[in-house]
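Single-structure report; data block below.
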Amino acid sequence: MDIRIEKVAPGNLKAKPDESALGFGRHRTDHMFVMTYDEGQGWHDAAIMPYQDFALDPAAMVLHYGQAIFEGLKAYRGKDDAIFLFRPMDNLRRMSLSAERMCMPRIPEQEVCEALKTLVNIEQEWVPRAQGATLYIRPTMIATEAGLGVRPAKRYLFFIILSPVGAYYPEGFNPVSIFVTDTHVRAVPGGVGNAKTAGNYAASIRAAVEAQRQGYTQVLWLDAVHRKYVEEVGTMNIFFVLDNEVITPPLSGSILAGITRDSVLQLVRDWGRTVAERPIAIDEILTASQTGRLQEVFGTGTAAVISPVGSLYYQGQSCEVNHGRTGPLSQRLFDELQGIQYGRQPDPHNWIVRL
Ligand code: COI
């Protein structure tokens, strides 16, 4: 892939934000990657250019019918200023799967990975040095053809933007409180729950707002058919430690196949723990909590990393997990994953890519 590179003049570069108060997604870097797809022509006009607004026809199909998919991954600054990516090809392969589900074109994954590395290299001064801060990478694809008929668009824009970020949750690595909703559902069998498409996140906002109003950080979704089996949390997959067994819901089609989820499963298997990917009912969790068998709950995600859950609220009942404190497995996973991601620890599964 030929990439045209147009750089911002040195005097016009943005001031870097204070790394101790980055928040999540509030700042964007100086450059972005873009390329266009036209039916019959494929992907073309790849460029790295100054970060700027897009011009879109008001009839652009993404604005009406939601053909929009995205990914999230991070660049980590390790020792000696080295910069690492974590499993970038897995994100890009997942993006192609999301594209297929949404009748959008696959991306040339290997070439996009090279483009992504070139972009991060150009923006390397934006990769934070502060502990726990990273450069969040957001590849996105939208349908840009103008038209009001409901069908797959013939024109798309793919872009990658970068944002220096701190912890996703205001709690940082401290336990979050979760509201289990049986009013709203995120995804239905046969729907698009396993595609990383914008609509899934739009569908989650109402329940998240209601949960936050009541003082909870996130929502835990139950399955849409029985309203009984745990699916995932707003922006994370979910794990339970019950009688020493590590349990997470299976990839049934309505939850996202998280890359952090997959990494955690691999690590806990490496450590010889008993692991089950099986449906788990919310009642089973509450009963386990009442009988003292529920040891830990934590979420996994690129943005959230490992996020311990300190309490769950369901149908008027609140259950505290591990006395509201971070459990030993959550802590060990956080340390191990971060150790690998920042290049401090051996990487036996070849997950990291050094720039
Ligand atoms: C990520 O973890 O990268 C996500 O996609 C979550 C995001 C919606 C904040």
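Remember, it's 1-based here, ligands and their atoms both numbered in the order they're listed.
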* **Atoms in ligand 1 flagged as close to Ala303, the criterion being non-hydrogen separation under 4.0 Å** => 1 (C), 2 (O), 3 (O)
* To do: Number the atoms of ligand 1 from 1 as they appear, then name those within less than 4.0 Å of a heavy atom of Thr302, with their elements.
  => 1 (C), 2 (O), 3 (O)
* Asked: Quick one: which ligand 1 atoms are inside 4.0 Å of a heavy atom on Lys196?
  -> 4 (C), 5 (O)
* Would you mind running through ligand 1 and noting each atom that sits below 4.0 Å from a heavy atom of Phe70? => 5 (O)
* Looking only at side chains, do Asp90 and Trp351 share a donor and an acceptor under 3.5 Å apart? -> no
* To do: For Arg101 and Thr197, test the side chains for any donor-to-acceptor distance below 3.5 angstrom and give the result as yes or no.
  => no
* Using distance alone, with no hydrogens and no angle criterion, decide if Gln338 and Tyr76 have a side-chain donor and acceptor under 3.5 Å apart. => no
* Do me a favour and list the nearest non-hydrogen protein atom to atom 6 (C) of ligand 1 with residue, atom name and distance? => Thr235 CB, 3.9 Å
* Can you tell me the protein heavy atom closest to atom 9 (C) of ligand 1 and the distance? -> Tyr168 CE1, 3.5 Å
* To do: Quick one: look up the protein heavy atom nearest atom 8 (C) of ligand 1 and list residue, atom name and how far away it is.
  => Tyr201 CE2, 3.5 Å
* Asked: Does Arg138 have a heavy atom less than 4.0 Å from any atom of ligand 1?
  -> yes
* **Sole candidate of Tyr136, Phe159, Tyr201 that passes ring-ring contact (aromatic ring centres under 6.0 Å, His included) when paired with Phe70** => Tyr201
* Asked: In a check of side chain to side chain contact (heavy atoms under 4.5 Å, CB included) between Glu123 and each of Ile137, Asp30, Ile83, which one passes?
  -> Asp30
* Using a strict cut-off of 4.0 Å, indicate which atoms of ligand 1 neighbour a heavy atom of Tyr136. => 1 (C), 3 (O), 4 (C), 5 (O)
* Please check if the side chain of Glu109 supplies one atom and the backbone of Ser96 the other of a donor-acceptor pair under 3.5 Å. => no
* Asked: In terms of side-chain heavy atoms, does Asp335 have a donor or acceptor partner in Gln331 at a distance below 3.5 Å?
  -> yes
